[in-house]
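As the structure lists them, so they are numbered: ligands from 1, and atoms in each ligand from 1. FYI, the numbering just counts along the sequence from 1. None of the values given here were measured: they were computed from a predicted structure.
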Amino acid sequence: MTATILCMPFVCVYAPFEALFLPFTSHRKIACSGIRRGSFLRKIVSAIDHSRRGLVLNILVVNAGSSSLKYQLVNIANNKVLAKGLCERVGSEQSLHKHGIDENEFVYKLPLPDHTAAMRVVLDILSTGPNAVIKDMNDIAAVGHRIVHGGEFFKESALIDDDVISKIDDLAELAPLHNKAALAGINACRALMPDTPMVAVFDTSFFQTLPQYSYMYPIPYEYYEKYGIRKYGFHGTSHRYLCERAAAILGEDLNEIRLITCHLGNGCSITAVDHGRPIDTTMGFTPLDGLMMGTRSGSIDPAIVTFLMDHEGYTPEEMNTILNKESGLLGISGISNDLRSVREASDAGDPRAILAYEMYSTRVKKYIGQCLALMSGTDAIVLSAGVGENCDKMRRMIFAGWQPLGIILDPEKNKQRGFERIISSDKSKVPIIVIPTDEEYMIARDTYNIVHNRSQIVPASHYGTK
Ligand code: AMP
């Protein structure tokens with residue numbers, strides 16, 4: 001009964017999703033034949049089907065930071081976000097809980113001494129009171145956790161058990177803040193919903209197939225053996241989504257094409273994906289490498305680090321802070337890590353804001369160029385995340401002067417915002433595609449698939465219309 005009620009709202013999914021249940025549906029196909037898609041009768045047939053299988057399609061996606069806990073409850077059947085929110089300043093006196101979507105966001109001030117307290121508040125608001133979207137914990141099929149570092153252990157997402165937890169813990173040395181925070185999120189869920197399966201989705205796993213010549217650094221080999229110093233790559237969940245969507249938009253098989261995917265947000269990375277397999281990416285041993293970012297320097301001459309430590313007496317920790325939190329757009333402009341503020345200042349003629357724009361766009365251009373060289377071309381260039389999706393000025397600067405390479409931006413299409421679209425000119429040999437990324441969807445999908453022991457039952461190609 002519960003399952004029937006639960007499934008009723010979820011049955012208005014369009015045809016491709018039904019194909020995902022084909023292993024179950026030979027009887028259903030017969031039952032449904034002749035029933036118009038979307039008709040009331042079809043919905044009832046579908047609801048009965050779902051309830052028979054007892055499928056609960058809500059996945060809770062959790063992204064725990066050192067003092068934050070972001071969450072989304074996603075209905076995997078139609079990629080609908082049922083609820084989302086963020087607990088901030090967890091562990092401090094000023095902790096906050098923001099819950100809601102867009103203009104319906106509520107902010108609650110309340111004590112959140114640790115991640116378990118934050119998780120308790122989240123589960124409470126999801127299941128009780130006026131904002132409730134589920135009846136109880138049984139309405140959550142599984143929890144998907146975003147984990148930053150999977151090292152060389154995890155080539156794909158994994159069902160969380162004691163062994164997986166211990167490996168995530170072992171890897172904390174490589175990503176101290178992130179992996180420890182993720183473990184706090186996992187432990188909180190384990191304490192509060194011990195019977196709900198959980199899946200770890202790693203930022204790094206997409207890049208585990210990088211060729212060795214690409215992931216090794218030219219420093220003595222022993223440091224790779226001793227400390228695992230190599231390129232790991234990050235933002236993998238986003239790049240994976242962008243690849244699948246781009247292939248769907250192009251109407252091509254991902255395994256037959258070359259793509260350059262650019263995740264340009266507060267953190268930035270570019271990946272060359274050759275026939276479905278990443279062959280290089282700009283982030284490296286840590287997410288500090290590669291492009292200039294909001295507050296991160298990206299790649300610099302490593303001798304600058306030792307020079308500054310020498311001359312300014314900085315400790316490794318202070319040096320880390322400078323390169324991770326005080327550099328990038330913020331460090332150069334002296335204004336903000338937010339490109340919108342830098343844009344205002346640069347439009348008003350501020351020389352350092354103009355310089356920040358030029359440095360940022362030049363670096364993106366350079367790395368796209370590297371990817372082009374590595375793959376001897378590309379079938380599309382994909383832009384995503386805050387800057388890639390929204391900033392027409394930055395896109396204009398990135399693609400300026402590439403007509404001889406057959407890469408031509410359409411100035412009018414470039415001005416549009418907010419949805420999947422091709423922004424290159426019809427004359428461009430290489431399509432430039434803007435795709436709003438959806439990491440939460442990928443985490444929810446991996447989680448659902450792993451828990452149900454199926455692979456790729458809900459391809460991202462079905463959902464790209466956010
Ligand atoms: P993300 O990390 O993907 O949330 O991206 C955040 C960054 O996107 C912000 O810090 C801004 O720099 C940038 N951004 C978002 N919207 C715009 C916009 N309309 N114009 C320029 N930059 C934007």
Exercise for the section: Enumerate the protein residues lying less than 4.0 Å from ligand 1, judged by heavy-atom distances, in chain and residue-number order. Expected result: Gly265, Asn266, Asp338, Leu339, Arg340, Ala385, Gly386, Val387, Asn390, Cys391, Arg417
Exercise for the section: Establish, from distance only, whether the side-chain atoms of Ser214 and Asp280 form a donor-acceptor pair under 3.5 Å. Expected result: yes
Practice task
List for me each residue that meets side chain to side chain donor-acceptor pair (under 3.5 Å) alongside Ser157, sequence neighbours excluded, and say none if there are none.
Solution key: Asp446
Problem - Residue among Phe154, Phe202, Phe207, Phe234 satisfying ring-ring contact (aromatic ring centres under 6.0 Å, His included) with His149 - result: Phe234
Below 3.5 Å, can you tabulate the donor-acceptor pairs from side chains in residues 59-71 to any protein atom, sequence neighbours excluded?
unit_1 : atom_1 : unit_2 : atom_2 : d
Tyr71  : OH     : His97  : NE2    : 2.7
Tyr71  : OH     : His99  : ND1    : 2.5

Practice task
Answer yes or no on whether Arg363 is positioned over the face of Tyr367, meaning its NZ or CZ is under 6.0 Å from the six-membered ring centre and within 45° of the axis.
Solution key: no
Check residues 247-259 and write down every donor-acceptor pair under 3.5 Å in which the side-chain atom is one partner and the other belongs to a residue at least two apart or another chain.
unit_1 : atom_1 : unit_2 : atom_2 : d
Asp253 : OD1    : Asn255 : N      : 2.9
Arg258 : NH1    : Met375 : O      : 3.1
Arg258 : NH1    : Ser376 : O      : 3.1

